[in-house]
Amino acid sequence: MRASEFFIGTTKEMPNDAEIISHQLMMRAGFIRRLGSGLYTWMPVGLRVVRKIEAIVREEMAAAGALELLMPAVQPAELWQESGRWDKYGPELLRISDRHDRDFCVGPTHEEVITDIVRREIRSYKQLPVNFYQIQTKFRDEIRPRFGAMRAREFIMKDAYSFDIDEAGLQKSFDRMHAAYVRIFDRIGLDYRAVDADSGSIGGATSTEFHVLADSGEDAVVYSTGSDYAANMEKAAAIPTGERAAATRSMTRVETPGVHTIDDLTNAVGQAATQCLKTLLVKGASEQAPVIALCVRGDHELNDIKAENLPEVAEPLSFADATAIRSVAACDAGSIGPVGLSIPLFVDASAALMADFVCGANENNVHLGGVNWGRDLPEPEVRDLRNVVEGDPDPTGSGTLKIVRGIEVGHIFQLGTTYSEALNANVTDEGGRPQTLLMGCYGIGVTRVAAAAIEQNHDDKGIIWPEAIAPFEVVISPIHAAKSDLVREAAENLYLEMKHAGIDVLLDDRPLRPGQMFADMELIGIPHRFVVSDKLLAADQFEYKGRRDADATLIPRGDALEQLLKLRAS
RNA sequence: CGGGGCAUGGCGCAGCCUGGUAGCGCAUCUGCUUUGGGAGCAGAGGGUCGCAGGUUCGAAUCCUGCUGCCCCGACCA
């Protein structure tokens, strides 16, 4: 590609609404342009990156036996009503209606549509397993779209769906996708982790997330220093340490005027947060127990997902309102404690090991000190309710846990029969009986991968693309070509040589000053650069500089292609 | 959804409080000079000041309503 025939929309100025580095750089380098909240146009340079990511995904999907198809973005409400998600999915689902007033949604995901296809097309176990995928624009009406392509409302996603006759088949399909994902992210060249995850609202059991590690990531990724264990914060198992100490004090009333939070409490009673018990009241799942109490240690945080996964707790998790609190305790939030509460009470494993602790007295402005399980109140119902913290033991038994930030770029699920049952997707088995299909689904946020790659690879000059997804692999920058036939011809020849060698090369033939050319190409993030100038040609040389290199090196003119091929291979 | 803020050439902003000929930087265009790290000088074009009402002789500016966008908030026991 010749830059003069391409479109390069770089700017020196920073857009005022871009908060994170990938958003700023994508805007400045002219990769994306904003149309509306969470809506972006992919400009020609940006689209080249997207297409390269897609190409890698397609190759690895094909290698893993998945078949590409393309489903409609607009989906009839009936299908979503059949699966129950028309009501369950909530406001993130963009609902629209046509001229006949029929309801539709713009697909945030395609489990329903693919299951509908499969139930019509796949009749026999002999046609299994199948795995269909598409690369398509999705729409999710996010509460707060932000960070440019990172959390856009409209974005490009690869979504694959596998169907098998039994659990063993599903496991095999899942493992194949897992392996394919590993190859994809390896090839793209990102630092990432595959982590155990909660499957969330899509339903089903097993799921693994793929996170690109970056400080700006919105998710907390937990990993072990001593094993391969990795999980996201929602899923990471919190293992208590030590044993419960013996009670040494008797239970006493403490006047705590104006104390509402754990911080207030530690100040008021002079005890560390680890000695305070936090009691949270949440809505229950049944009429019989409309309010449920959950206890965690004062220095710990309740894990919403773990709480929500308790059968007794209403989903989605919501805290009890003032009226509900008053219905079970004679006080307001801030003074709740487990002693004397006559509602279901679940206690985090670490909180269950506390002795002589402080907690609310269920009376405003009063707390209790010296409280002990098994003496002042029954032995607790123990559950895992909290977020892990750095230094917690590895649940597999070796090492401790560390927490880093990650950007979720892929998520693979074993859905099981959730959708096939709801939509009645069966095949006939060997015995001639109908068998409900077992389903898996596998997503990659293609456009988010691009943003994540930038978060992980940039410097003060701009983006540093991993070679595999760079918009161009190499740029040729002729210095003052307009004034020198020699420079122009040498650059042109080098360009053609590389182009014929199948290299994705950009010839920067714009009539610009060198500083501007260099700055543009570094901002755009092209991994390799060759400079052609009269001075260099006089010595029969070109100049080479890798995007991460501090200094340029001189190379013999004839070695340029060979040099590039060598660098590219390494 | 709650709170805060913004809306003025393509982009970033000032002007508004105290009503009176709409300005700056960047970008664009022309010319000359310059030429290995986002050049200099001279000149030019480009805005019914988000929309709708109101107050006024007169509104970017004051008032009302609307719309769009941005930011903060979902650990409170």
Side-chain angles (χ1 to χ4, degrees), chain A residues 8-19 23 27-30 33-39 90-91 143-148 256 258-265 273 276-282 291-304 307 316-322 324-326 328-329 331-338 341 351 358-367 385-387 460-462 477-484 487 508 510-524 529 531-537 543 545 551-552 554:
Chain A
I8 291 172
T10 53
T11 48
K12 268 190 280 189
E13 283 185 45
M14 188 100 83
N16 77 118
D17 57 349
E19 284 178 87
H23 188 192
M27 293 292 296
R28 282 193 53 213
R33 289 290 182 252
R34 201 182 77 97
L35 177 64
S37 178
L39 302 173
I143 310 175
R144 193 136 89 84
R146 54 182 145 177
F147 304 150
T256 50
V259 168
H260 298 292
T261 67
I262 291 292
D263 265 356
D264 297 345
L265 188 57
C276 300
L277 184 80
K278 190 152 70 173
T279 306
L280 304 109
L281 299 184
V282 300
V291 182
I292 306 286
L294 305 173
C295 293
V296 296
R297 218 167 69 189
D299 60 321
H300 286 153
E301 288 183 348
L302 180 71
N303 180 310
D304 291 10
L317 182 77
S318 67
F319 287 94
D321 54 34
I325 291 173
R326 277 289 176 177
V328 298
C331 67
D332 300 311
S335 302
I336 303 288
L341 266 191
V358 180
C359 64
N362 298 321
E363 186 181 336
N364 281 345
N365 302 323
V366 182
H367 279 75
L385 293 177
R386 68 172 173 95
N387 285 336
D460 56 350
K461 290 176 179 161
S477 305
I479 306 296
H480 302 311
K483 285 199 172 167
S484 165
V487 168
D508 197 352
R510 298 173 299 166
L512 294 179
R513 303 162 66 87
Q516 219 178 114
M517 299 200 314
F518 296 156
D520 272 354
M521 294 305 144
E522 283 161 345
L523 176 59
I524 289 171
R529 180 183 83 193
V531 173
V532 181
S533 74
D534 275 321
K535 200 176 74 192
L536 291 160
L537 288 174
E543 178 193 283
K545 186 168 177 297
D551 298 300
L554 298 175

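Quick caveat: nothing in here was measured; it's all calculated off a predicted structure.
Proximity of A/S37 to the phosphate of B/rC70: a side-chain N or O atom is located under 4.0 Å from OP1 or OP2. Taking side-chain N and O atoms only, A/R34 has a distance below 4.0 Å to OP1 or OP2 of B/rC70.
With sequence neighbours excluded, the residues that form a ring pair (Phe, Tyr, Trp, His ring centres under 6.0 Å) with A/H23 are A/Y40. For A/D332, the side-chain contact (heavy atoms from CB on, under 4.5 Å) partners at least two apart in sequence or on another chain are A/R326, A/N364.
Checking B/rG37, B/rG38, B/rG36 against every side-chain atom of A/L536, the shortest atom distance belongs to B/rG36. Distance from the side chain of A/E13 is smallest for B/rG12 among the nucleotides B/rG38, B/rG12, B/rC71. Distances were taken from every side-chain heavy atom of A/R529 (C-beta onward) to each of B/rC72, B/rG38, B/rG37; the shortest belongs to B/rG37.
B/rC6 and B/rG68 make up a base pair, with Watson-Crick or G-U wobble contacts both under 3.5 Å. Pair check for B/rG53 finds B/rC63; Watson-Crick or G-U wobble, both atom distances under 3.5 Å. Across all strands shown, B/rG19 forms no Watson-Crick or G-U wobble pair with both distances under 3.5 Å. Across the strands present, B/rG31 finds its partner in B/rC41; the criterion is a Watson-Crick or G-U wobble pair with both atom distances under 3.5 angstrom. Remark: B/rA14 base-pairs with no nucleotide in the shown strands. Criterion, Watson-Crick or G-U wobble with two distances under 3.5 Å. Look at B/rA74: it lacks any Watson-Crick or wobble partner with both distances under 3.5 angstrom.
Put simply, the side chain of A/R386 never gets that close to the backbone of A/H300: no donor and acceptor are under 3.5 Å apart. Although no hydrogens or angles enter the test, the distance criterion places a donor-acceptor pair under 3.5 Å between the side chain of A/R33 and the main chain of A/M27.
Nucleotides B/rU30 and B/rC24, compared at atom C1', are 22 Å apart to the nearest Å. Spacing of P atoms, B/rA14 relative to B/rG5, comes out at 15 Å, to the nearest Å. Distance check on atom C1': B/rG45 versus B/rA27 gives 13 Å, rounded to whole Å. The same atom, C1', is picked in B/rG2 and in B/rG9; the two are 36 Å apart, to the nearest Å. Nucleotides B/rC69 and B/rA77 are separated by 35 Å at their P atoms, to the nearest Å.
Remark: P of B/rA77 and CG of A/D263 are 8 Å apart, rounded to the nearest angstrom. The distance from atom CG of A/L554 to atom P of B/rG36 is 16 Å, rounded to the nearest whole Å. For A/L537 and B/rG36, the CG to C1' distance is 14 Å, given to the nearest whole Å. Put simply, CG on A/L385 is 16 Å from P on B/rA77, counting in whole angstrom units.
At a threshold of 4.0 Å, the pair A/R529-A/E543 counts as salt-bridged, since one of the basic side-chain nitrogens sits closer than that to a carboxylate oxygen. Ionic pairing of A/E301 and A/K278 is not present here: no N-O contact between side-chain nitrogen and carboxylate oxygen is shorter than 4.0 angstrom.
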Any protein N or O atoms within reach of nucleotides 32-35 of chain B? Criterion: under 3.5 Å, listing atom names and distances.
unit_1	atom_1	unit_2	atom_2	d
B/rU34	O2	A/R513	NH1	2.8
B/rU35	O2'	A/H480	NE2	2.2
B/rU35	O2	A/H480	ND1	3.2
B/rU35	O4	A/K483	NZ	3.1

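Comparing A/L277 and A/K12 against RNA chain B, the residue whose closest nucleotide sits nearer the 5' end is A/K12.
Considering A/D264, A/N362, A/T256 in turn, A/T256 is the only one that fulfils the side chain to side chain donor-acceptor pair (under 3.5 Å) rule with A/H367.
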